[in-house]
Amino acid sequence: MIITLTTDFGTKGPFAGVMKGVILTINPKATIVDLTHDITPHDIREAAFVIGDSFRYFPRRTVHVAVVDPGVGSGRRAIIVKSQGMYFAGPDNGVFTKVFSQAEKVVSITNKKYLLPVKGPTFHGRDVFAPAAAWLSKGIKPENFGPRIEDPVMLRLPEPVLKKGVIEGEVIYMDRFGNAITNITGEMVAALKTKNPAIKIKRLYLNLADFYAAARDKRPRAVVNSSGLIEIFVFDGDAGKALGIRVGDKVRAG
Amino acid sequence: MIITLTTDFGTKGPFAGVMKGVILTINPKATIVDLTHDITPHDIREAAFVIGDSFRYFPRRTVHVAVVDPGVGSGRRAIIVKSQGMYFAGPDNGVFTKVFSQAEKVVSITNKKYLLPVKGPTFHGRDVFAPAAAWLSKGIKPENFGPRIEDPVMLRLPEPVLKKGVIEGEVIYMDRFGNAITNITGEMVAALKTKNPAIKIKRLYLNLADFYAAARDKRPRAVVNSSGLIEIFVFDGDAGKALGIRVGDKVRAG
Amino acid sequence: MIITLTTDFGTKGPFAGVMKGVILTINPKATIVDLTHDITPHDIREAAFVIGDSFRYFPRRTVHVAVVDPGVGSGRRAIIVKSQGMYFAGPDNGVFTKVFSQAEKVVSITNKKYLLPVKGPTFHGRDVFAPAAAWLSKGIKPENFGPRIEDPVMLRLPEPVLKKGVIEGEVIYMDRFGNAITNITGEMVAALKTKNPAIKIKRLYLNLADFYAAARDKRPRAVVNSSGLIEIFVFDGDAGKALGIRVGDKVRAG
């Protein structure tokens, strides 16, 4: 059984490694995959996008663990979500917003039988989510961890809107190449049936290229990326720096 | 069997990956866990803290490998430590100081049968410690690797002291959030039985919060962290930058 | 079966993790090892050196995947190389230059049966190379993926030359310690039979040390490193910064 980890721990400390030790102590046969440990610290929204975009590439019954948890130690609940044949374990802070709409059930983790003795109020990744994931991967059903809940915390994620034939969206993620990923899908743009649609950001109108290397110069362009989203790039360059793009910047397509 | 790796190699080069290739060639069934490859280069003390704080979360018989090894190629010995049901393999430079006190035995690795042919004097992670760990994980006993030694190198790690009802300690680690971890334990502070104990650093007296999110503003505070240690933090901020804290800074609790 | 990954994705996004999900969906028994995800973006030459230097430490039948792929989506072919008992899967851009000379066969990946339905033109790591590697690791032969080709793209990698008793080479890689790795081998220098050979870079003549810790001061020196290559270092310091060394800088030995 596979368990994925998405955290904002970084890789300088042993925190992710310690979670793996806890998991493998409970289920020595677990296969653990790091999605990323470099979520911007406390950025629940970024983690929600990363998990929502990635989980479907794993086999059924995979357990996806998220530990981006600024509220750790406060009253916030710990939850398990069952959705689309997979399990998700993490804090009840909206980090699983992208999978709630198709969720079969959500439970609050309260059964101490499946947790480590909690030593401090600050590392639920180790004391709560790692053991919960390990027991899930061994076949323990969500309902054994605690009562069902109907009101998990949801993030209001920015959704693109169509206004007078123009799609208004925004930048949701900057990757390490300096590419700016927007929340506008290639399908939405195609549905406009505009000839040579343009992507507008910061007063610039960008062409839609077929792929990165189709760009023969350093002019910024847009492309439909591997998630099906409109992405702004400079070939062999850094669009984020070149144009001063930040997460939240408005983008229009039409 | 599990093998953990703690190094200062970083992740830019293939060094950790090559160690894994060597391990899996000898024992294809080994499960390898990265504790961290981002120890500050040559910082044996940091590695000693990281390993001392993490090893107990792994199952018995786990082999913990450390390669923070500024003296590689010199006369320094390579050692295997058996302590608390686990094995430790690395250079004899004090990196295992935290586990020596309960060690059952320490041996010097000299038996060439369990090493790669050493090609150069600079990569014992690949040529000595990876193969030693792989053979340990296959059940070869420490005594097969070389003679027992009684005088492994020990670091003098800073220990907090109690003076006139005040605990004097210091900052031992800065994490990626900018939190400053001290060597003063929550238990020591509790034993003082002071009402509302304060943590003093750089002329500031900080309150002890119950958990990170209990802080409702950006004032620096202290908390008992997940290792049971007093940690100085700014909620959703960077205490290290805000206060100019460095490893070695004096801290008092009382 | 082992599959190694070498990419320029970095670790901020979930890209490497998604590739692992695809691999494990096809072959749940695959053992996946990260060689590095921190190749300098689009630096095919760096990836060629990293793979050429590392693959031999893995067991036979290992599949080595490289995704440093600035031309993704263009007409460039996707290839599988069988060489020295191992498999290599990646773009046909020269990233496997170091293993072509002993290659048994090279095929172009065209059989859609072994690929994911390609959703966009930008992520062949997920849609082409991960599934190809997973099927290779399950025993599917290279010839099942597509036709044999005889003209894979080769990089012209800088080779050292011997001129009048002096070896002329260059810096090919800077590691995270600031060490400068050259393409001159220790064996070439030894063959000169010069007494006390010197390494010249930027008008400095450096001595050849036996190992890093043999240096007792902060003077730059050279050493034969763990790959058998001449490497310029400052003990407990950063030679790259101290001397302003960059990849491509000329080096002489004699």
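Letters A, B, ... mirror the listed sequences (proteins, then strands); counts begin at 1.
- The shortest side-chain heavy-atom distance between A:Val223 and C:Thr122 falls under the 4.5 Å cut-off.
- With a 4.5 angstrom heavy-atom cutoff, C:Asp43 does not touch chain A via any of its atoms.
- The CZ atom of A:Arg60 sits 12.0 Å away from the OG1 atom of C:Thr25 when rounded to the nearest 0.5 Å.
- In C:Arg77, the CZ atom is crowded: over 12 heavy atoms of neighbouring residues, nucleotides or ligands sit closer than 6.0 Å.
- Only the side chain of A:Tyr173 comes within less than 4.5 Å of a heavy atom in chain C; its backbone stays farther off.
- Under a 3.5 Å cut-off, the side chain of C:Arg126 and the backbone N or O of A:Ser226 do form a donor-acceptor pair.
- Pairing each heavy atom of C:Asp8 with each of A:Phe177, the nearest pair is O-CZ, 3.1 Å.
- Put simply, OH on A:Tyr57 and CE on C:Met19 are 13.0 Å apart, with the number rounded to the nearest 0.5 Å.
- Only the backbone of A:Asp210 has a heavy atom closer than 4.5 Å to any heavy atom of chain C.
- Of the two parts of A:Asp34, only the backbone, made up of N, CA, C and O, holds a non-hydrogen atom closer than 4.5 Å to a non-hydrogen atom of chain C.
- C:Gly13 approaches A:Thr36 most closely through the heavy-atom pair O-CB, 3.9 Å.
- If you measure heavy-atom distances from A:Ile2 to chain C, the contacts under 4.5 Å come from the side chain alone.
- For the set A:Gly186, A:Ser54, A:Gly228, the entry with the most heavy-atom pairs within less than 4.5 Å of chain C is A:Ser54.
- In this structure, chain C has a heavy atom under 4.5 Å from the backbone of A:Met174, while its side chain stays farther away.
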For this session: Would you sort out whether A:Thr11 and C:Thr11 count as a side chain to side chain contact (heavy atoms under 4.5 Å, CB included), showing the intermediate values?
Result: CA-CA 10 Å; A:Thr11 51; C:Thr11 52; 5.7 Å; no

For this session: In sequence, state the C-alpha distance, the side-chain angles, and the governing distance for C:Val72 and A:Tyr212, and then conclude on side chain to side chain contact (heavy atoms under 4.5 Å, CB included).
Result: CA-CA 7 Å; C:Val72 65; A:Tyr212 298 120; 3.9 Å; yes

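- Residues C:Phe123 and A:Ser227 are not in side-chain contact: their nearest non-hydrogen atoms beyond the backbone lie 4.5 Å or more apart.
- In this structure, A:Glu46 and C:Lys12 have side chains that are in contact, with non-hydrogen atoms separated by less than 4.5 Å.
- Heavy atoms of other residues, nucleotides or ligands lying less than 6.0 angstrom from NZ of A:Lys218 number more than 12.
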